[in-house]
Amino acid sequence: MSKEDIGITVSKNKDFSEWYTQVVLKAKLADYAPVKGLIVLRPDGYSIWESLRSTFDRKFVSNGIRNGFLPILIPESLLGKEKKHFAGFNPEVFWVTHSGENEVGDRLALRPTSETLAYTLYSKWIQSWRDLPLKINFWNTALRAEIKGTKPFLRTSEFLWQEGHTVHASQEEAEKEVMKILEIYKNTVEEELGIPVTIGKKSEKEKFVGAVYTTTMESIMPDGKALQMGTSHFLGQNFSKPFEVKFADIDNVEHFAWQTSWGVSWRLIGAMIMTHGDDQGLVLPPKVAPIQVVIVPIYKNDEGKDKILSKVEEIRKNLELKEIRVHIDDRSELSPGYKFNDWELKGVPIRIEVGPKDIEKQSIVIAKRYNREKSSLSFTEIGKISTILDEIQESMLKTAREQAKANTKNITEYTEFKSKIEEGGFFCAPWCGKLECEEKIKEETGADIRVIPFGSENTNKKCMYCHEQSISIPIFAKGY
RNA sequence: GGGAUCGUCGUCUAGCUUGGUAUGAUACUAGUCUGGGGGACUAGUGGUCGCAGGUUCAAAUCCUGCCGGUCCCA
């Protein structure tokens with residue numbers, strides 16, 4: 001490795017894919033595992049996940065959802081119970097066929113998702129309307145064999161996620177739950193990660209296999225590709241019937257229950273890296289940053305060192321009282337310049353420099369990671385740092401919103417669509433609702449219907465492909 | 001399924017044609033000087049050359065098979 005190789009060696013604009021991989025590895029968020037398609041989360045990566053997890057948990061709990069845990073193995077007979085669902089997942093299921101030297105009778109799937117397992121249990125647990133609603137969330141991993149094009153966090157054969165599964169007495173209540181979850185997802189992603197999302201429905205073609213409909217949140221990445229950030233499904237009675245999730249109502253008549261399922265994965269971390277990172281490396285939104293403020297002390301000799309370290313310690317205590325996550329980089333063997341670059345690579349939102357000049361001036365140097373601005377702050381103003389962190393969080397979302405807006409275009413003509421789709425971006429274009437048009441567009445351009453935004457339905461326009469009456473204006477884009 | 005290409009200290013890499021003590025950088029360890037944007041010098045640690053066979057006095061190098069990675073085509 002040459003000197004340059006310590007940092008990111010490619011530009012985000014020039015080689016986005018290589019840039020992304022380098023940021024993940026060099027910022028030490030994750031590393032490759034010995035098995036293709038699998039990654040290892042390192043502490044800096046895992047703590048971002050933990051931060052998201054605790055935010056979601058807080059919101060889930062206040063919505064009456066509790067956590068549970070499901071085993072990883074699902075017998076084939078169970079997984080195959082809902083036919084479409086099984087057909088959809090089958091190609092990417094990992095199977096356990098042996099225990100020791102013995103072949104197992106019913107093959108065991110490493111869960112690609114847990115609907116079938118959860119609902120087998122739910123049917124035992126639910127008898128009466130008094131048992132409803134039943135709302136449980138599971139934090140675990142899912143396994144889906146990905147052969148080609150794997151990318152850390154974005155496409156891996158095993159991924160960390162949460163899957164929530166709720167059961168309701170009425171269709172109306174279940175559908176409300178679907179929307180409630182989607183709202184939680186949207187707010188969390190925007191507020192914590194600073195990534196704007198568009199919410200709406202998936203087309204019939206793109207919906208979750210086995211669902212009545214799928215709601216989704218989609219984001220546009222800086223390279224112009226769309227990323228699915230999370231989904232919330234209305235399952236209707238599609239699973240309650242085969243799995244016999246039934247309850248006796250107040251009038252003692254037995255009904256099949258109405259169900260929902262929903263999930264977000266560590267893909268959100270990938271989206272955060274792509275949205276905010278730059279040629280220097282990672283840029284972390286303050287709310288999820290494991291370290292929010294790093295202090296680099298600068299000194300020439302031992303007596304200066306003591307003086308500066310005691311000041312630095314004072315600042316640390318001051319910030320910690322405000323619940324700011326602070327780290328002092330007192331590695332003596334490294335030069336300040338090295339440390340600056342190192343912490344920028346890791347995306348720490350604020351760096352404070354304290355050296356002899358600062359002590360003299362009774363101030364500190366403060367450098368913001370997201371815009372790389374340096375300024376000074378007097379000793380008496382150190383309390384302002386928590387406000388500055390809030391401002392950074394806000395303006396990161398604002399910048400991302402502007403970027404997303406610039407990458408979203410309205411299109412009515414298919415010829416124009418075809419000529420512009422290569423540049424990437426979100427394209428809002430009228431559509432007749434027919435599968436045939438959707439498939440042709442996919443075939444000819446590689447672009448999918450990512451989301452049919454809420455409020456874009458019932459439009460009086462012409463389908464950009466067949467020119468018949470349109471039923472909505474979906475967002476078309478190439479996806480990850 | 002077809003084709004191409006590559007596996008050498010933690011990482012990147014030279015050596016392979018023409019067989020003979022495995023090269024350099026970086027990282028790591030120790031020390032001295034340094035220190036406000038990736039610092040210098042000195043010394044040191046680290047490799048059964050992807051695996052298994054074969055040829056040979058001798059194999060990272062030649063031959064065969066296997067395993068793994070990457071890319072292209074269907």
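The side chain of A/Asp342 approaches B/G38 more closely than any other nucleotide in the set B/G37, B/G35, B/G38. If you check B/G36, B/G37, B/G39 against the side chain of A/Tyr338, the one that comes closest is B/G39.
When only modelled atom types and interatomic distance are considered, A/Ser261 and A/His165 share no side-chain donor-acceptor pair under 3.5 Å. In this model, no donor atom of one side chain and acceptor atom of the other lie less than 3.5 Å apart for A/Lys287 and A/Ser51. Side-chain atoms of A/Tyr338 and A/Asp329 form no donor-acceptor pair, as typed in the model, at a separation below 3.5 Å. For the 3.5 Å distance criterion, the side chains of A/Tyr370 and A/Ser395 qualify, holding a donor opposite an acceptor. Judged purely by distance below 3.5 Å, without hydrogens or angles, the side chains of A/Glu218 and A/Thr216 pair a donor atom with an acceptor atom.
Across the P atoms, B/A43 and B/U55 are found 45 Å apart, a figure rounded to whole Å. Distance check on atom P: B/G20 versus B/C16 gives 9 Å, rounded to whole Å. Comparing the same atom, C1', in B/G68 and in B/A59 gives a spacing of 22 Å after rounding to whole Å. Only the P atoms considered, B/A4 is 47 Å distant from B/G44, to the nearest whole Å. Comparing the C1' positions of B/U34 and B/G69 gives a spacing of 43 Å, expressed to the nearest Å. To the nearest whole angstrom, the two C1' atoms, one in B/A60 and one in B/U8, are 7 Å apart. Straight-line distance between the P atoms of B/C28 and B/U5: roughly 37 Å, to the nearest whole Å. Using P as the reference atom, B/G19 and B/A27 are 37 Å apart when rounded to the nearest Å.
In this structure, NZ of A/Lys28 is placed 10 Å from C1' of B/A27, rounded to the nearest angstrom. Distance NZ (A/Lys26) to C1' (B/U11): 10 Å, rounded to an integer number of Å. Taking atom CG of residue A/Asn341 and atom C1' of nucleotide B/G35, one finds them 15 Å apart after rounding to whole Å. Rounded to an integer number of Å, the gap from A/Asp358 CG to B/G36 C1' is 8 Å. Rounding to whole angstrom units, CG of residue A/Leu309 and C1' of B/G35 are separated by 13 Å. Residue A/Lys346 contributes atom NZ, which lies 14 Å from atom C1' of B/G38 at whole-angstrom precision.
For the pair A/Lys434 and A/Tyr465, the cation does not sit on the ring face, since its NZ or CZ is not both under 6.0 Å from the ring centre and inside 45° of the axis. Remark: A/Arg351 fails to qualify as a cation-pi partner of A/Trp343 under the 6.0 Å distance and 45° angle criteria applied to the six-membered ring.
Closest-nucleotide positions on RNA chain B for A/Ser335 and A/Lys339 were compared, and the one nearer the 5' end corresponds to A/Lys339.
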Identify each atom pair where a protein N or O and an N or O of nucleotides 68-71 of chain B are less than 3.5 Å apart, giving names and distance.
{"unit_1": "B/U70", "atom_1": "OP1", "unit_2": "A/Lys36", "atom_2": "NZ", "d": "3.2"}
{"unit_1": "B/U70", "atom_1": "OP2", "unit_2": "A/Lys36", "atom_2": "NZ", "d": "3.4"}

Notebook entry, point to check: Could you write out RNA chain B as a dot-bracket string, with dots for unpaired bases, | for bases paired across to another strand, and Watson-Crick or G-U pairs counted at under 3.5 Å?
Noted result: (((((((..(((.......[...))).((((((.....)))))).....(((((..]....)))))))))))).
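Here the straight-line distance linking atom NZ of A/Lys201 with atom CD1 of A/Ile452 works out to 8.0 Å at 0.5 Å rounding.
Between the side chain of A/Ser419 and the backbone N or O of A/Glu416, at least one donor-acceptor pair lies under 3.5 Å.
The residue A/Val296 sits apart from the nucleic acid: no heavy atom pair falls under 4.0 Å.
Counting atom types as modelled, A/Lys305 pairs no side-chain N or O with a base atom of B/G35 as donor and acceptor under 3.5 Å.
For residues 6-25 of chain A, the set of pairs meeting the salt bridge (charged side-chain N to carboxylate O under 4.0 Å, His left out) definition, not counting sequence neighbours, is empty.
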